[in-house]
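Notes to accompany the following structure.
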Amino acid sequence: MTNPLKRRELFKLAGAFGAAATFTATLSACGTQPPATQGSSQPTTTDTAAPTAGTDGAITAAISYELGTNGYDPMSTTAALTVAVNWHTLEGLTEIDPATRQTYAALGKDLPQQIDETTYEVALRDGAVFHDGAPVTADDVVFSFERVLNPDNASLYASFIPFVDKVTKKDDSTVTVALKYPFSLVAERLAVVKIVPKAAVEADAKAFDLNPVGTGPYKMTDNGASSQQVAFERFADYTGSRPAKAATMTWQIIPDDSTRTNALSSGTVQAIDSVPAANLATLAQSGSVAAEQGFGLLFVMFNCGAAPMDDVRNRQAILSALDYEKICSVGMSDLATPATCFVQKEHAAYKEAKVQYVGQQAKAKELLAETGLTTVRLLSSDHGWFASVRPIIKESLEAVGLTVNYEEKQSSDVYATIDGNVEAFDIVVAPGDPSVFGSDADLLMRWWYSGDTWTDTRMHWKGQDSYAAVQQLLDDAAQATGDAQTTLWHEAFDVISENVPLYPVFHRKSPTAFDPKTLVDFKPIAVTGLSFLDTASTK
């Protein structure tokens, strides 16, 4: 393993990640997240001359995440690659900018207009058409919400909009959103439902899943299923506020860290995500690197429905046993911070949680002595960016006297193994980042702690007293505002920290590398993926 001290010294020399990193950036808008929600370090570059470009260039990139087992349908897909693709090809009534995290009107002409406490109206953008030329109508909007809300479709996105009673057509270009109760984050949350053409989906849902028809600034021309690259072209009839600034765009799917890094160094691509820690300093010397602090985390998930992890003391012992300092400084090369709450310290709703696990190895041994646990089954995903963390986690558990039966699989295989099988595992370690859908505490908690996919099918926690307590707190908070809402979120953080059906090990910075000489107005982001909205290319 590379010496972490030398690696940190290289970072300091490159000037990429210090708290006071204020080097001249090639991007005027990089790192403009709301200060109480996101933290960031400015990108470092060796060339301060900002490029200029027209609108006929070609953007090339490499992304680390694979297609996975599902397609692009925004009702069902949650994979990092497909979600990032959909940022460019699909739109909701509102959208949340991947870089700034600000909410803006997208297919809506304006942000939702409040009629009364539980009624909002949204008028559609003038002249909006789908990629197939069909005009966007209120019927399409109603259909898009109904398919997400229909429990038969088991959409994970339904858990983000429990406040929505129904969406109805007021006229051909206006919809009415009726709420079950007053909710303070309507504009932000409507963004999770992308508007799709009713006719195209009903004609062939499978074809739509493979090649979705949207209204975004780019139209997908290659879905990557056979070519291992996703290709786009400008949508000439786009009528929104963020037209494509490049004629074409190609994303190579390159999970291998070395190959992806070499693609940027050789000029084959102009940007990559998930920069390997070992290459950060080198890339910073020859181009631009940014590490944006966000919510993105590595989590430990427990099988709460079967022994030995149905005993909360064993779950607490596992988390207490971890060497958080080594995990973050060595395994993550100082690009991660140990979790002291469900959300990161920079989040607007952060408060140190009731139960803390950092530096509690002695407590782990005490708990294990009480329960008699000696052996655990640990299943981990094989994502490259935390490859150096996995052996540290195993060593940490062994250091408190546990025998660890360790297995590593691709992410899709991890969930295929455990879904619906209460005997399949004790512990799962994997990454997650629902902040791609929104950054408020309610959404982030509902992703893991409300929907049946996680609480029932995976962690087998649904139905327990702590599960019921969290649901009640989330529902109460959803109907509150201001300090009262935040206080309820803090109470939910405490219940989660004590019962830990799933809990973060750390929150990380997302490192992105890019070519500042050929990309214009590119903004590194704190969430998983890459965004080229408002980005042009000189190539």
Original post:
Okay, side chain of D165, backbone of A178: is any donor-acceptor separation there less than 3.5 Å?
Top reply: no
Original post:
I63 and G529: which non-hydrogen atoms are nearest, and at how many Å?
Top reply: CD1-CA, 4.3 Å
Original post:
Stepwise, does the side-chain contact (heavy atoms from CB on, under 4.5 Å) test hold for T268 with T60?
Top reply: CA-CA 8 Å; T268 304; T60 59; over 6 Å; no
Original post:
Hey, are the side chains of Y72 and L67 touching, using non-hydrogen atoms and a 4.5 Å cut-off?
Top reply: yes
**OP:** Sort out for me which residue in D442, V177, L179 forms a side-chain contact (heavy atoms from CB on, under 4.5 Å) with F163.
**Re:** L179
Subject >> Candidates F232, Y238, F532 - the one meeting side-chain contact (heavy atoms from CB on, under 4.5 Å) with Y218 >> reply: F232
**OP:** Answer yes if the ring centres of H88 and W251 are under 6.0 angstrom apart, and no otherwise.
**Re:** yes
Original post:
Do V164 and F183 have side-chain heavy atoms sitting under 4.5 Å apart?
Top reply: no
Original post:
Does any non-hydrogen side-chain atom of S510 lie less than 4.5 Å from one of D273?
Top reply: no
Original post:
Aromatic rings F522 and F514: how do their planes relate, parallel, tilted or perpendicular, breaks at 30° and 60°?
Top reply: tilted
**OP:** Evaluate side-chain contact (heavy atoms from CB on, under 4.5 Å) for V141 paired with L107, printing each intermediate quantity in order.
**Re:** CA-CA 10 Å; V141 177; L107 262 178; 5.9 Å; no
Original post:
Would a 4.5 Å heavy-atom cut-off, applied to side chains only, mark V230 and M220 as touching?
Top reply: yes
Original post:
Side chains of M332 and L298: does their closest heavy-atom pair fall under 4.5 Å?
Top reply: no
Original post:
Applying the salt bridge (charged side-chain N to carboxylate O under 4.0 Å, His left out) test to E121, which of K109, K169, K170 qualifies?
Top reply: K170
Original post:
Would D382 and K409 pass as an ion pair if we require N to O under 4.0 Å?
Top reply: no
**OP:** Classify the side-chain pair T137/D140 by whether it contains a donor and acceptor separated by less than 3.5 Å.
**Re:** yes
Original post:
Do the side chains of D73 and R147 get nearer than 4.5 Å, heavy atoms only?
Top reply: yes
Subject >> L502 and R458, any side-chain heavy atoms less than 4.5 Å apart >> reply: no
Subject >> Plane angle bin for W454 and Y415 - parallel if under 30°, tilted between 30 and 60°, otherwise perpendicular >> reply: perpendicular
Original post:
Is D97 paired with K523 through a side-chain N to carboxylate O contact shorter than 4.0 Å?
Top reply: no
Original post:
Does the side chain of S64 come under 3.5 Å of the side chain of R260 through a donor N or O and an acceptor N or O?
Top reply: no
**OP:** Take W87 and I525, measure what side-chain contact (heavy atoms from CB on, under 4.5 Å) needs, and give me the verdict at the end.
**Re:** CA-CA 13 Å; W87 288 337; I525 59 178; 3.7 Å; yes
Original post:
Less than 4.5 Å apart, any side-chain heavy atom of F386 and any of V505?
Top reply: no
Subject >> Aromatic centroids of F295 and F342 separated by under 6.0 Å >> reply: yes
Subject >> No-hydrogen, no-angle side-chain donor-acceptor test under 3.5 Å, Q229 and T250 >> reply: no
Original post:
Charged N to carboxylate O below 4.0 Å: is that the case for K539 and D515?
Top reply: no
Original post:
Per the salt bridge (charged side-chain N to carboxylate O under 4.0 Å, His left out) rule, which among K194, R125, R101 passes with E95?
Top reply: K194
